[in-house]
Amino acid sequence: MITERLLSFGFVLAFAAIIIVKALQARMGRTPPSIRRIAALDTLADLVGRATELGKPVHFTAGTGTVTTQAPVMLAALESLGRTAQLTARYNTRLLVTTADPVYQEMCLDTAKTAYSSAGFADRFHPEDVRFLSDTQFAYAAGTIGLIEREKVAGNVLIGQFAAEGLLLAEAGANVNAVQIAGTLNMNILPFFVVACDYTLLGDEIYAAGPYLSKDAGSTFMLAAQDYAKLAVISAIVAGVAALTLGSDSVLKFIQRYGK
Amino acid sequence: MKEITVGLTFLVTVLMTVEGYVSIAPLTKAVGELKNWGIILSAFAMGLAAFGLISLHVAKVRKRGKDQLYSAVLLAGFAGFLAMGLLAGPSSSLYAFYYRNILQSIGNAVFSLLMFYIVTAAYRSLSINKWQSAVILAAAAFVMLGSVPVGEALWNKIPVVSSWILKVPNTAGQRGILITSAIGGIAAAVRAALGLERSR
Amino acid sequence: MTPRARRLLYLLFIVAVAAPMIWPVHIPLVVKPETRDLYDRIDSLSPGDVVVLSSDYSPGTASDVHAAAVAIFKHLMEKDLRVISVSFTADGPQFAEQMLATAPEGKEYGVDYVDLGYRAGGENAISAFAQDLRKTFPADIHGAPVDSLPVLAGVTGANDFALVISVAGGEPGPVTWMRQAGQPYGVPIAGVVTTVMVPPNLPYYQSKQIIALLYGLRGAAEYESLVNQPGAGLAGMGSQSAAAVFILVSIVIGNTLRISAAKKGGARDDD
């Protein structure tokens, strides 16, 4: 055992145990905890409804992240895509999905197809509308901007991993008067999304999107498990700061020794 | 089939996680091999992406749809760079010439568009109608001026304030997001390893 | 904002940014500690030490970070260090080639520096590279076996690196290198990132997990002034200053117009 990593190993083990316990609670049919209202997600159905009335498509993108390097946020975005696809299937609205990762494109294709099938409208699904454009950031941005402006999308959903191209996509959506819902973990881009989009998911509200939209008990319990981990980290921070303030560096030394 | 993929995912996740904490030579060697397999898979994924792209745009050109011209340009560019890369090599002066004068120039141009959008977004959004937006505007002004030489020339305290904004409130917020996204990452990994991930 | 007003704003912006290129303005530059840390670290290395320079940026972000890569490479060559150029993004090798083309006379490819090219896989590939360089890159970008290159004599992986400098337009970046090479092997990691990527990387610099951080074109200008090799970084400072001032002036004008329109009691007009 590499002793310098004892703390992180213990944390991962404990966290995994909590996740398993929560998964078992979900299996046993326990009532899941409730999630507070998230306005951005409540508006998703209205966004699709508006697009249906206008006869224009809805665009969804998870940004330029790759599923190999940013798996958590990209998988979380897939949950939002699933829900969006269910809505567009039900309302018979065209759904355009653009991706910058070929592996992720296959996952989006699978998710959207499954969503359409589960909504009972498998025949309304067009696989050619789920597109890989380019894995280069600005080539992808240029392609997506062109698509948004040519198709005059009425709804633009930007949930995933975005860098500078996020602002370009948000402005392109604003130029065609699309209703926009955005969310990313990249704090640099969040302010741009808040400014340019109608609704924004802040930080890890993205992880809440899946359980919130699907009302799935298992996912909700998983979200609750993350709260325990956050509580543990907050406790460590408070303990460390309090100890240092009182003149003791024991907590700091312990974390430096075992928490590499 | 699903059980096999879940089982494989679980095994690989456990192996790679344990290798990070325990130093055992055979395990390190096995994980090293897995990483190389990962590189090979990524390369195949790129090939898959190229194939998907070509199929989509060839179909568009065949159907003679309204965007067929853009598809034709894409296919011509793709074929051109592929031919140059295969015949002359990616390190050749011919490839470098076209890369620098076409692709690089276009990339720079698209990146530059960002600036125009920022100008309009800033003009439109940083309106002082509440005290919070005044604070944001003041912070933005200090950070922007602190990152360019003219800020120091105007007032030598601008870089000091800019540095404080970046290193104290910004870092505090960033650390919060970093910690929660890392926790989300571990949760997603554990769920994927245990087959609890719905999207599979 | 009406399309006409938007176009006028853009035109004025182009004029503001282009003017310092035609009539250069010299504004004194103060070097940030984040940049000086890299300079001092490179200065402290011994001749023959191995430094990895990872070029992970695309044409769009090259204008922000490439100038710094060139200035740093020149410094590394001056200090007689062995440089391994590597990329984990598909566009990286093209910029690595442009950077390596600035090698001074007397420096020889394969002896003083090498270009290993690109490997797909992002963070996974970096991890594999740190663990076993030769397995991940059995040959350099020209196909020469790495075992035949004197510059790589005795180098097997991250344990043999004195420093890693990640020049990144996004991911993978210095934090990725910190996770896969810095923490597991204790290799010092320095970063050159686009200006917009500075805030998320700064916490790692403050906790000393990244030893230095250059802020895009500004970082390039600072490094050029430290190594006394003026280049695109210093040349771009006038325009960058003009752009920042222009944006702030537009915000002030926009707010002034809004406030005066509100005081007149009419509906707010963005024009």
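Below, chains carry the letters A, B, ... as their sequence lines are ordered, and counting in each starts from 1.
The choice from A/Gly82, A/Gly218, A/Ala164, A/Ala225 that makes the most heavy-atom pairs within less than 4.5 Å of chain B is A/Ala164. Ranked by non-hydrogen atom pairs under 4.5 Å with chain B, the options A/Asp101, A/Leu185, A/Ile18 are led by A/Leu185.
Considering only heavy atoms from C-beta on, A/Ile237 comes within 4.5 Å of B/Ile179 through its side chain. Considering only heavy atoms from C-beta on, B/Tyr21 comes within 4.5 Å of A/Ser8 through its side chain.
Between A/Gln226 and B/Gly184, the closest heavy-atom pair is OE1-CA, 3.6 Å. Smallest separation of non-hydrogen atoms from A/Ala229 and B/Ile183: CB-CG2, 3.7 Å. Heavy-atom minimum distance, A/Glu128 versus B/Leu56: O-CD1, 4.0 Å. Counting all heavy atoms, side chain and backbone alike, B/Ile177 lies closest to A/Gly203 at CD1-CA, 3.8 Å.
By the neighbour-count criterion of 12 heavy atoms within 6.0 Å, atom OH of B/Tyr98 is sparsely surrounded, having that number or fewer from other residues, nucleotides or ligands. A 6.0 Å sphere centred on NZ of A/Lys113 holds no more than 12 heavy atoms belonging to other residues, nucleotides or ligands. The environment of A/Phe15 atom CZ is dense: over 12 non-hydrogen atoms of other residues, nucleotides or ligands sit within 6.0 angstrom. Atom CZ of A/Arg150 has more than 12 neighbouring heavy atoms from other residues, nucleotides or ligands inside a 6.0 Å radius. Within 6.0 Å of OH on A/Tyr228 lie no more than 12 heavy atoms contributed by other residues, nucleotides or ligands.
The part of A/Asp135 that comes within reach of chain B is its side chain, from C-beta onward, which places non-hydrogen atoms under 4.5 angstrom from that chain. Contacts between A/Phe132 and chain B at a heavy-atom distance below 4.5 Å involve backbone atoms as well as side-chain atoms. Looking at A/Gln137, there are no atoms closer than 4.5 Å to chain B (heavy atoms on both sides), in backbone or side chain. For A/Ala16, the parts lying near chain B are the backbone and the side chain together; criterion is any non-hydrogen pair under 4.5 Å. Heavy atoms of B/Ile186 lying under 4.5 Å from chain A belong to its backbone as well as its side chain.
B/Ile106 CD1 to A/Phe138 CZ: the interatomic distance, rounded to the nearest 0.5 Å, is 14.0 Å. The distance from the CZ atom of B/Arg191 to the CD1 atom of A/Ile20 is 13.5 Å, given to the nearest 0.5 Å.
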